[in-house]
Structure formats: C-alpha cells, structure tokens
Amino acid sequence: METESEPYVRLASLRQLHQVMADMNTARSLADTLQTVANGVVTALGYELACVNLVRPDGDLVVAALSGNQAAEALITGRTGSRESWERRLSMGETWGDLVFIPHTEGWVLDDDDVPQWYTDGPAPRFEDEWHPSDRLFAPMYTPSVSGGQCGELIGVLSVDRPRNGRRPGAWGREALQMYAFQAAIAISNARLRANMQRALVRLEREQQALRASEESFRQAFEYAPSGMAIAEMGGDQHGRILRTNDALCRLLGRPASAMRRYSFSDLVHPEDIGTLLRTSAEGGRAELRLCRRDGTYLWVSLRNSVVADAADGPRFLLTHVEDIAERKQREMQLAHRASHDSLTGLPNSAELRARLSSRLCQRPTHSGALEPVDAAFGHPAFDAAGQGFDFRQGGAQAYDTFDHHVHTVAPEGDRDDGAKGLAVLFCDLDGFKSINDRFGHNAGDAVLIEVARRLSQCVRDGDTVARLGGDEFVILADGLGKADAADLAVRLRNEIIQPIRAEGRAVRVGASFGIGWAHCGMTADEVLKSADERMYVEKRSRPKQHRRAG
C-alpha cells in the first residue's frame, strides 16, 4: 500500500482492496472466509505475513488461518493462545485508532507467552520508521452493530508482520488495515451465520428421511468393512476422540472396542507423525502415518478422513478409514536402504556418506542465490533451506545455532593437540588388496572387503559412520575427537585390519593406509574427502614398501 507521504491512493490499489473484500463475502464456508481474510492482507495491504486468530467458545484464540509463509502455516495453524495473553497484548504498546502497535522495545516481554507466533529474524532498523523484525501490529475484529459501530464483542485478531516496503505503515496504511479488519469481522460473522443456517437446513431435511433404514445400512457397511473404520469427534475440547470402531480396526491394533473409546487418534499416533495427523483431521484428507498397537509396536497405516454431519443436531464428525500398509512401507524402506548402502558390505555408500557429511557443514545463500560457506571467525549468519536466519555463538571449538541447534563444526588447528575437538574424517585404503584379487579371485576379494567392513564397524563408537567409498577405500566419520584421539583411532583400526582373514579356505593379510582430515563448516563434502585422501597418500608414501604389502 502507499505510504503517508504520497498525495493520492492509486486506483489499482483501491480496486485490489475492493476485490479481496468482495471475495471475503462470497467465500463458500467459514474456513474459506478465514483463509481469504488472511490472503487479502498479503495481496492487497502489502504485508508479507498475516494471521487470523479466531476467538473460540471458551474465550481463547486459535490460529485459524495464515498466509505468506508455508513453514509458519504448518507450524502454528491450529494452535491456541489464552485469552489472558491476548488481552495483555491488546493493552500494550501504541494505539493507532483501533489498531495496536507494539514496538520491539516493548514486545520482547511477550516472547515467552503462550500465543503462537512466528517472525523472521533480520538486521536492526537503519532509519526511524523502518520495520523491526520484532515489531508487532494487531487489528482487533469486533462483532459489528446494526448502526455500523462496534458492539464490543471481540471475535478475533488480525496479526500482520513485515510490510513489503520495509516501513511502519503511515496514515493511509493504518486506515486501510483498520477498515479491512472491520469488513473482515462482518464477513466472518456472516459466514458463521450461513454455516448455522446450513446446519439447520440439513437437520430439517434429514428429519424428513427414513433415518432408520439409512442408519442400518451404514451400520452394516461400517461393522463388516474388511479394513479398519472409526468415527471420531471433530472440533471442541474432545476433537479426535474415538466414538466407535469396527472389528477390523480392533484386530489391526490389537485393542478391544471398549478400550479404543478411551483414546483419540492423537493418543495412538507416533510422536513424529502428530503434525501430519493434525493437518489431516482439520478438514478431512488422507495421510500415511504410524499407529501404536497394544504391544507397543507401531504399524504403518493409510488414514483417510471424511467429514460428516450428525443427523440430530448438526455437529461434525470424522469418518476415518484405516488401511494396513506395513508391507508396502517395508518394501519402500528396503529400496531406500539399497539406494543408500553398499550391496556387498552393507555399509553406507558414497552418496550416503556425502549426504551425512554435507548435513554437518552449514553454508549460506549469496545474493545470486548460490551457497557460500559461513565465516565462523566473524560470526556471519547462516540460513536454513527456508531462508530462516540464525546466528552462532562461540563455545570452544564449536558454535551452536539458536534456532535449529546446528552444531557449527570447526577443525582443530595447529600441529599440537590443544584439546580442541572436531569432526575427524579417516580415509582408509587397503594395501595389497589387488594381489589377493589377482591370485585368489574376486570371491576372495569380496570376503576380505566384507570382513574389513565388519572390523571397522566394531572398532568405532555408536554414532560414528563407516562407509565404503568404492573399491578398497573406506571412510570413517568420527565426531568429537582431538588430534591425538584421531591418531589413536587410526592405529587401532590398522591393527584390526592387518590380522589374518579367512578367504576361500585360506588365511590372507592386507595392510591399510590412513589419512586423517578434518571437516569444518565452509567446506564441501568433496573438499573434506579430498583433503583426507591426500593425507592418506602422504602417509602411504612415507612408509616402507614392505610394510604396506599384504602377507
């Protein structure tokens, strides 16, 4: 939108504002209306993020719609903030007409309250009216009276963040947001009224039908369905509570029907899948997740929800279809394992090694969109895949990200062991392996590789990675080691490898050369591996030839 200094408002802006207001009043459902309200703030009023916080019957406010950031939408939609916290927010800061602006100098006290919130970090303002990342702007929405004023009943709050022009809204921007909130309150009230009328019409129509026959047909289809079926409550404090299950679902989860009625699906779902369940159950849909069986094991299922209305008084329910997909998921995991692991030794392969190593080495996007390493010495910020900023604070040889707890990897420096710990990369090349292949055949060579892989895996700690890079080359990733620790590990691994190996009925020996490299953020995985490889060749050339041959 235009700033306060502009002498007029563009006609195109007024048309756009008019269009989103029209869309609010023509939305087909309350959910569509709420989403249209949020979208309109972004498309017509020029804010990067908009959130509709709707007052629930119990007085608390739930995040009913969000626009402008998919990550924020997945994280906070459906979450609730207490009425007490909201009243505190609306009584703070500066009053701009009906709007409430809380500058960053005051808003820090709200960081720990229970209101769901999301903001994008960024630099401090460079001029007086520049928007600060921690500024907050709220537009309360009240039930309108017949005369066009406000009757005082709060129905929700529009919260907006970061105007696109980077400045705090001027007189026109404030007036536009205030008018928009007033019209949004009317649209939401009308949508609720339409929803109530629609439910009333459904009740009247269904009371005129032969309910008994319909209910009996449904009961038989539900009870004798070959796959799991359940009916659960939708909305309110008991949202998701299971009301009824069929025999197939009880057998699938190993739980009796009487016990199933004590749970909701959120009680049974795997903790990592709770977000998927909430998104699926909000308005119906399909998802694949894990449910807990009576014996404590988890079973992969396909869960499909359909929203239905009760014939008596209109509350909505979820009809849930549950299908066992454990075999398919097992095949998918087997395929994924084959793609990331060496078929001979079972160790992670070259691609998986690089993926694990790359996940530890943070980089940041440049102005051109490419990635460049983070300069840890000067504390430059890094960014995640969504562009979310985060800073590092130094702590010995490592630094920790305050947002996603990324461990900033720093290599020990100097020739002496000063106690610094880092991510050691041990590059192992077998000595004399080619002669075994030539003399005894590839089956003997394969047996040697399998045994070497087993010995390497047994000698490292839980959490360390042993991977086969290719041929007779192996790589070990060991975190939290100093220089002396890494050298000791290389000696132990070499001593294990040089022990006799049974292959094709005979005892053979191979040697091993190790190069120790160090990973640190700012390097690529290939650069780390190349450094360790070069050190391995230096070590191989420095040893007498007779000490490198197999016995």
Side-chain angles (χ1 to χ4, degrees), residues 333-357 424-478 486-517 519 525-551:
M333 289 186 286
Q334 290 173 347
L335 290 174
H337 185 272
R338 292 174 186 173
S340 61
H341 286 71
D342 176 49
S343 59
L344 177 64
T345 63
L347 296 178
N349 59 20
S350 174
E352 178 67 11
L353 169 67
R354 285 176 166 81
R356 294 187 185 184
L357 186 53
V425 181
L426 283 70
F427 198 106
C428 172
D429 181 78
L430 300 183
D431 300 327
F433 176 75
K434 183 177 183 300
S435 65
I436 293 176
N437 265 340
D438 294 341
R439 293 172 58 190
F440 307 121
H442 289 289
N443 288 340
D446 289 347
V448 169
L449 292 175
I450 293 172
E451 178 61 17
V452 169
R454 186 189 68 81
R455 294 180 182 183
L456 291 175
S457 299
Q458 285 186 338
C459 288
V460 299
R461 306 163 301 177
D462 292 341
D464 293 344
T465 294
V466 178
R468 184 185 177 196
L469 192 61
D472 60 348
E473 295 177 335
F474 298 84
V475 173
I476 297 93
L477 304 181
D488 290 343
L489 176 60
V491 172
R492 292 200 308 273
L493 295 176
R494 181 183 292 112
N495 290 339
E496 282 293 323
I497 292 174
I498 64 177
Q499 300 301 316
I501 298 175
R502 298 294 300 179
E504 294 294 301
R506 56 175 58 84
V508 298
R509 291 177 182 268
V510 290
S513 297
F514 281 86
I516 303 174
D526 287 335
E527 289 172 344
V528 175
L529 295 175
K530 181 180 179 182
S531 173
D533 187 20
E534 291 173 348
R535 293 175 183 269
M536 182 274 296
Y537 276 107
V538 171
E539 195 267 351
K540 183 186 288 284
R541 288 193 295 268
S542 67
R543 294 166 54 210
K545 186 175 181 180
Q546 63 269 25
H547 292 168
R548 292 187 272 116
R549 299 187 53 148

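Quick caveat, the model's predicted, so the values are computed rather than measured. Index from 1, following the sequence.
Applying the salt bridge (charged side-chain N to carboxylate O under 4.0 Å, His left out) definition to pairs two or more places apart or across chains, those involving residues 486-505 are Arg494-Glu539. For residues 453-474, the salt bridge (charged side-chain N to carboxylate O under 4.0 Å, His left out) pairs, not counting sequence neighbours, are Asp342-Arg468, Glu451-Arg454, Glu451-Arg455, Arg461-Asp464.
Taking CG of Leu493 as the reference point, atom SG of Cys459 lies at 5.5 Å (rounded to 0.5 Å). Between Leu469 atom CG and Asn349 atom CG the span is 9.5 Å, to the nearest 0.5 Å. Interatomic distance, CZ of Phe474 versus CD1 of Ile497, reported as 7.5 Å (0.5 Å rounding). Here Ile436 contributes atom CD1 and Leu430 contributes atom CG; the two are 8.5 Å apart, rounded to the nearest 0.5 Å.
Legend: residues meeting side chain to side chain donor-acceptor pair (under 3.5 Å) with Ser457, ordered by chain and number and at least two apart, are absent. Remark: Ser340 pairs with Glu352 by the side-chain contact (heavy atoms from CB on, under 4.5 Å) rule, at least two apart or across chains.
Partner of Val466 under the side-chain contact (heavy atoms from CB on, under 4.5 Å) criterion, out of Val475, Val460, Leu426: Val460 alone.
At a threshold of 4.5 Å between non-hydrogen side-chain atoms, the residues Ile476 and Phe514 count as touching. Counting heavy atoms from C-beta outward, Thr345 and Val452 have side chains that stay 4.5 Å or more apart. Counting only heavy atoms from C-beta outward, the side chains of Val510 and Ile498 never approach each other to under 4.5 Å.
In this structure a side-chain-to-backbone donor-acceptor pair under 3.5 Å is present from His341 to His337.
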Going by atom type alone, with no hydrogens or angles, which donor-acceptor pairs under 3.5 Å involve a side-chain atom of residues 440-447 and a protein atom two or more places apart or on another chain?
none

Distance-only check: which donor-acceptor pairs under 3.5 Å involve side-chain atoms of residues 527-537, not counting sequence neighbours?
residue, atom, partner, partner atom, Å
Glu527, OE1, Thr524, N, 3.0
Arg535, NE, Ile516, O, 3.4

- side-chain contact (heavy atoms from CB on, under 4.5 Å) evaluation trace for Leu344 with Ile450: CA-CA 7 Å; Leu344 177 64; Ile450 293 172; 3.7 Å; yes

- Task: Apply side-chain contact (heavy atoms from CB on, under 4.5 Å) to Ile501 and Arg509, showing your working.
- Result: CA-CA 6 Å; Ile501 298 175; Arg509 291 177 182 268; over 6 Å; no

- Candidate pair Leu353 and Leu477, rule side-chain contact (heavy atoms from CB on, under 4.5 Å), full reasoning: CA-CA 9 Å; Leu353 169 67; Leu477 304 181; 3.7 Å; yes

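One side chain, Ser513 or Asp431, offers a donor N or O that lies under 3.5 Å from an acceptor on the other.
Pairing each heavy atom of Ala519 with each of Leu357, the nearest pair is CB-CD1, 4.1 Å. Closest heavy-atom contact between Val448 and Ala503: CG2-CB, 4.3 Å.
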